*Asks:* 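Have a look at the structure that comes next, please.
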Amino acid sequence: MTLYEKIITLYPELKNEAFFSNGITLRNDSDGKGDYIYIWEHATLPRPTKEQLDALDNK
Amino acid sequence: MSVSLSLFAGAGQQFFTDNGVPLAGGLVYTYAAGTTTPQATYTASTGSVANSNPIVLDSAGRVPYEIWLTNNVSYKFIVKDSTFVQIGSYDNLTGQGTVLSDLYVGGNVTISGNLTVTGSTIQNRPSFSAYLAANQSVTTNTVTKVTINTEEWDTNTNFDTTTYRFQPTIAGYYQINGGIYATGVANTQSAAYVYIYKNGTAYKGASSGLYSYSSISGANGVIASVVYLNGTSDYVELWGINIQTGPVFGGGNTGLTYFNGAYISA
């Protein structure tokens, strides 16, 4: 599951939204370390915790 | 004949003996530098009329005409009195506007007038062009550095195909261009964006358009900007976002997803 998919699972209301228009930037530096949350400044939704995201790896 | 005024006795020069007496009837011989081979000088900037050789000084010890030297030629001057006794010898002299075959300057050069170059201009101005050799899978809605990994050219070896960045070693303003072919599952793309990143953060951005899941499989986003790069630590990269199912940056040839740039001014 990609980071994007995890976030959509946690926050279905973000589906079909351009993240950066909602204060969220996911980023991938193409250095083999994968996607990460670069900016999370959403007006209402709290930044997902590492535990929340890791828990979705098992689903 | 291309000539320049001699720095030695060029115009109106008056010669004297060691006792301060004008060197009336004195003689000025001109040779090719380091030799005794006579070398012609000229009476004016037209370079059409040669001086006598030797030049005979007038009664006041002055040169009767101006002395103009052939450009790109070095001279030896020998001055004698009217009885042929040598007074002085001056070697490896050139005209004040002599064209040099090579000029090496260790410091700065200031030119208040125009500079005309008939040959090639400054060498080693960095320029590069590179492209994405194969499709790059990305995550939707995620700004991702494009793995531009194949060079068309890289004049100064300033583009790195492992970090995908252009980091020139000459400071100046650079024209930087990039294009991303953002594609994926047909009819699922809502938008794609392309960015020039400078030193790891977005510097200029552009959208390929907003499609609202229109019936397309991909879109080209292009970006172009002038960017100042300091010649040491500054670098630029191509980044993009593809909001689409199964998103990729399309690669495979020089015209799909590419990144290029060139030095334009200091």
Side-chain angles (χ1 to χ4, degrees), chain A, chain B residues 130 132-149 160-165 180 182 184 187-195 197 199-202 205-214 221 235 237-249 251 257 259:
Chain A
M1 184 177 280
T2 67
L3 177 61
Y4 169 78
E5 291 167 338
K6 292 177 181 177
I7 291 171
I8 293 301
T9 300
L10 292 170
Y11 300 121
E13 59 268 49
L14 290 177
K15 190 174 183 181
N16 300 333
E17 295 289 339
F19 274 24
F20 65 87
S21 298
N22 290 276
I24 301 167
T25 299
L26 306 185
R27 185 162 150 164
N28 188 315
D29 295 340
S30 295
D31 56 1
K33 296 179 180 177
D35 303 337
Y36 63 96
I37 298 173
Y38 182 63
I39 296 172
W40 190 284
E41 295 175 345
H42 194 279
T44 58
L45 301 176
R47 178 177 180 133
T49 64
K50 183 176 185 301
E51 290 71 23
Q52 285 176 299
L53 295 172
D54 289 346
L56 292 170
D57 282 330
N58 299 322
K59 292 190 176 182
Chain B
L132 185 63
N135 284 352
Q136 177 185 355
S137 294
V138 297
T139 304
T140 187
N141 243 320
T142 301
V143 59
T144 302
K145 187 196 297 187
V146 185
T147 56
I148 299 289
N149 53 9
D160 189 326
T161 55
T162 59
T163 59
Y164 322 115
R165 67 179 54 163
I180 295 177
N187 308 331
T188 65
Q189 186 178 72
S190 61
Y193 300 84
V194 56
Y195 302 93
Y197 268 47
N199 300 334
T201 58
S207 168
S208 67
L210 295 172
Y211 299 106
S212 301
Y213 304 105
S214 58
Y235 61 92
E237 300 161 324
L238 185 67
W239 289 62
I241 301 175
N242 185 5
I243 304 176
Q244 186 170 12
T245 301
V248 301
F249 296 149
T257 296
F259 192 36

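Order of the sequence lines fixes the chain letters, A, B, ..., with proteins taken first and strands second; residue numbering starts at 1 for each chain. Note that the structure is a prediction, hence the values are computed from the model and not measured.
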*Asks:* Let me confirm one number: the OH-OG1 distance from Y4(A) to T140(B), rounded to the nearest 0.5 Å.
*Replies:* 5.0 Å
*Asks:* Taking heavy atoms only and a threshold strictly under 4.5 Å, list by residue number the residues of residues 21-40 of chain A that touch chain B; give 'none' if the list is empty.
*Replies:* T25(A), L26(A), R27(A), N28(A), D29(A), S30(A), D35(A), Y38(A)
*Asks:* In chain order, what residues pass the side chain to side chain donor-acceptor pair (under 3.5 Å) check against N135(B), with sequence neighbours excluded?
*Replies:* none
*Asks:* About how many Å separate CG of N141(B) and CD1 of I8(A), when rounded to the nearest 0.5 Å?
*Replies:* 7.0 Å
*Asks:* Examine whether an atom of Q136(B) lies under 4.5 Å from a heavy atom of chain A, and if so say whether it belongs to the side chain, the backbone or both; otherwise answer neither.
*Replies:*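 When you check distances to chain A, only side chain atoms of Q136(B) fall under 4.5 Å.
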*Asks:* The test is side chain to side chain contact (heavy atoms under 4.5 Å, CB included); show your working for F20(A) and I241(B) and say whether it passes.
*Replies:* CA-CA 10 Å; F20(A) 65 87; I241(B) 301 175; 3.7 Å; yes
*Asks:* Which one of V146(B), T142(B), V138(B) has the most heavy-atom pairs closer than 4.5 Å to chain A?
*Replies:*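 Result: the option with the highest number of such pairs is T142(B).
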